[in-house]
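Predicted model only: the values in this text are computed from it and were never measured. We name chains A, B, ... by the order of the sequence lines, and we start the count at 1 in each one. Basis for what follows: all heavy atoms, side chains included, without hydrogens, waters or symmetry-related copies.
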There are 2 protein chains.
Amino acid sequence: MSEPTVGSRPTLEAVAARAGVSRATASRVVNGGIGVRAPLVDKVRQAVDELGYVPNHAARTLVTRRNGAVGVLIAEPEFRIFSDPFFERQVRGISRELTVHDCQLVLLWVEGSADRDRVARYLGGGHVDGALAFSLHNDDELPALISRARIPAVFGGRPPAGHDLDIPYVDCDNRGGAREAVRHLCALGRKNIALIAGPRDQTSALDRIDGYHDVLVDADPALLCQGDFTAESGARAMAELLDRRPNVDGVFASNDLMASGALRTLRERGLRVPDDVALVGFDDVGSVAETTEPALTTVRQDIEGMGRLMVRLLMRLLNNTAGDAPASVITPTTLVRRASA
Amino acid sequence: MSEPTVGSRPTLEAVAARAGVSRATASRVVNGGIGVRAPLVDKVRQAVDELGYVPNHAARTLVTRRNGAVGVLIAEPEFRIFSDPFFERQVRGISRELTVHDCQLVLLWVEGSADRDRVARYLGGGHVDGALAFSLHNDDELPALISRARIPAVFGGRPPAGHDLDIPYVDCDNRGGAREAVRHLCALGRKNIALIAGPRDQTSALDRIDGYHDVLVDADPALLCQGDFTAESGARAMAELLDRRPNVDGVFASNDLMASGALRTLRERGLRVPDDVALVGFDDVGSVAETTEPALTTVRQDIEGMGRLMVRLLMRLLNNTAGDAPASVITPTTLVRRASA
DNA sequence: CCGCCCTACGAGAGCGCTCCCAGACCTCAG
DNA sequence: CTGAGGTCTGGGAGCGCTCTCGTAGGGCGG
């Protein structure tokens, strides 16, 4: 097909020869050097340096059956949301933690049904040790795809019910965070607290709605307005809420982007934040929450940390000869008080 | 270390046995089946299906020295710009084209100097067949990194001068596109055409500035204002321009994001677009250009196509036993007329 | 009908590595 | 001084695949 990537790289054999030891010993040194006496270790290390030896990954994988790569599955609708800083942060966390574990990130972008087959084959083909996936939508094909590939996996975000797979997930305490946000508005003395909800096909959005209702058990249904996690939808929802209930004095927006949109509408209508209407967001993505005017009071979730956690969970899954899956993790949220509430 | 990913998958040997042929013949069938008679092909295919055979990638790589993976290098500043739809689109194009070539996308995120070593080792270690990188900043370490790893690579965007590496790149005709934009404003009869420029450390921004000057050879320097490709900077630049030269009647913003910011400022100042000020952007990212009010006249570059082109160039590089590097590609731009100019 | 050539298939080596196992060596107690 | 027990090291098999090469077999011209 083509030339080797680099003109014949040195093999372990060559290193061993140069160091005057056997291939087995050289291998031991390369893999940590335990059980090898110091002088030999040094000799091998030196040979490695001199020759610029880099282990052949394929050969190693062939025998160890591990390839040090993890697939990150992103389905089309999510990818479009890549512009959402949320994703960037989560992938960043994943990437960083994978580096720690000496693993590579293989981006698998599932775009259509044809891709679904391809990716399932790929996952099943042992190209990657495990998979990380974001399960955001009810109609998502990812859980099915993963179970088909029979590969260790971890989800980011609680998958919708209905999947009987025991795939662990990492999520933040959406419901608890929402409760905290709403309680905070209550504590400020707000009486007509509205909710700008996220899309109903995402568990995170549903959980935040539940949290709202936990606190405001018999909230006026007209105070709940639907958004889709975009700033634009937040602006629209806010307008609608103000039309329906002009006496709104508190708003919990299910994410910061929608909160920023709501803020815009409030400003356009000449309402002061937080004086007239107190506003709380969710996520605490710095690029949004800190730059609004006024800065957003919001529920922080440790997005990058969740990404890292996903990797750690997967690693535990991989190093786990017994079959017991580690439990899912719910990370805590914290209310970050800024100016908007 | 751990269990095999899946309990002992079938090998080619097993397929061959079941089909009653030799391993060699089975291999031939799996790899396209040329030189094998139809009945045998069928038998092998059937065995593959029945056993659910999937080739072992590592074993194949070990002997072919190709691993069907391409590294996509993203340096930290770019990654932060992932929220820029530009990147999403380009990666999308790359991903799609890689699928066509049966290659995987390994995301390599270069974050610091420590990472630089790690990634260089990784690239040099033959884990990937080639690399794609985005060279946006003058101070970028990526070109050096790639030349160190001595691996076939293609850049997205013309790298800044000063690198004597013969790494081909794919870029759009930034200068020509800018010329077209400015000429269009001229054709509309605009006399005081301002430029909102992009950051000076990016070749694309510089080229667009050059294009502006190509048409407006002795433009008033006060009509040039610096931005950084964000909407916010566009808004600020527009404000500054209006303060400096209230008679501005045409603006070429070096990207759509800045154009959208400029639009906001113009609206706030009560100026009508395009009646008072005609505005042209660059990029034609739909999520921005089509949703502004009025919709943006802009210079379209085929971002996804450029991503695909990068992959094709790399593939040519890989299948190229002679050492002649394919030439870089400059893709054309087209002016898309909407409402803003 | 015989021999030639071409095509289809199988045998086998080997890619670079890990890891099992046997043997060498050393230490120390008896 | 000897042998048991431990620690290190090397030999060698084998991971699953591709690919070269040799051979068998069939078609066709002479």
Side-chain angles (χ1 to χ4, degrees), chain A residues 1-44 47-48 51-68 124-127 129, chain B residues 1-45 47-48 51-68 102 124-127 129:
Chain A
M1 280 172 134
S2 98
E3 289 284 79
T5 298
V6 171
S8 76
R9 298 191 285 118
T11 71
L12 194 55
E13 190 80 52
V15 172
R18 187 177 191 100
V21 300
S22 74
R23 202 176 51 242
T25 298
S27 172
R28 276 186 276 261
V29 173
V30 169
N31 292 292
I34 40 174
V36 179
R37 257 184 300 233
L40 282 194
V41 171
D42 290 345
K43 270 205 271 186
V44 173
V48 166
L51 264 43
Y53 170 75
V54 182
N56 182 311
H57 192 243
R60 183 178 277 177
T61 297
L62 184 56
V63 38
T64 60
R65 271 114 200 294
R66 294 204 61 174
N67 43 35
H127 296 72
D129 295 328
Chain B
M1 281 174 132
S2 98
E3 289 285 81
T5 297
V6 171
S8 77
R9 298 190 286 118
T11 72
L12 193 56
E13 189 81 52
V15 172
R18 188 178 191 99
V21 299
S22 74
R23 200 177 52 242
T25 298
S27 172
R28 277 187 271 261
V29 172
V30 168
N31 292 292
I34 41 174
V36 180
R37 258 183 301 236
L40 280 196
V41 171
D42 291 344
K43 268 205 271 187
V44 173
R45 291 250 160 87
V48 166
L51 263 45
Y53 170 75
V54 182
N56 181 312
H57 191 244
R60 183 178 278 176
T61 297
L62 185 57
V63 37
T64 60
R65 270 115 198 296
R66 294 204 61 176
N67 43 36
D102 242 336
H127 296 72
D129 295 329

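- Atom CZ of A:R60 is separated from atom P of C:dG16 by 14 Å (rounded to the nearest Å).
- Computed from coordinates, the B:R66 CZ to C:dC15 P distance equals 20 Å when rounded to whole Å.
- Under a 3.5 Å cut-off, the side chain of A:S27 and the backbone N or O of A:R23 do not form any donor-acceptor pair.
- A donor and an acceptor atom sit less than 3.5 Å apart, one in the side chain of B:R28 and one in the base of C:dG10.
- If you check C:dC9, C:dC17, C:dG12 against the side chain of B:A24, the one that comes closest is C:dG12.
- At D:dG10, one or more side-chain N or O atoms of A:S22 fall inside 4.0 Å of OP1 or OP2 (strictly under the cut-off).
- The separation between A:N56 atom CG and C:dT18 atom C1' is 13 Å, rounded to whole Å.
- Taking for each of B:T25 and A:E13 the nucleotide of DNA chain C with the nearest heavy atom, the 5'-most of the two is the partner of B:T25.
- Atom CZ of residue A:R28 and atom CG of residue A:L40 lie 10.0 Å apart, to the nearest 0.5 angstrom.
- You'll find the side chain of A:T25 reaches within 4.5 Å of the side chain of A:S22, heavy atoms only.
- Residues B:P55 and B:V30 form a side-chain contact, since some pair of their non-hydrogen atoms from C-beta on lies under 4.5 Å apart.
- Under 3.5 Å, the side chain of B:R23 and the base of D:dT18 form at least one donor-acceptor pair of N or O atoms.
- For the pair B:R65 and C:dG16, the criterion of a side-chain N or O lying under 4.0 Å from OP1 or OP2 is met.
- In this structure, CG of B:L51 is placed 13 Å from P of D:dG16, rounded to the nearest angstrom.
- Computed from coordinates, the B:R37 CZ to D:dA24 P distance equals 15 Å when rounded to whole Å.
- Contact annotation: A:N31 reaches the phosphate of C:dT18 (side-chain N/O to OP1 or OP2, under 4.0 Å).
- Rounded to whole Å, the distance from NZ on A:K43 to P on D:dC8 is 16 Å.
- The backbone N or O of B:N67 lies less than 3.5 Å from a partner atom in the side chain of B:D129, making a donor-acceptor pair.
- If you measure from atom CG of B:L12 to atom P of D:dG14, you get 18 Å, rounded to the nearest angstrom.
- Between A:R9 atom CZ and C:dC15 atom P there is a gap of 14 Å when expressed in whole angstrom units.
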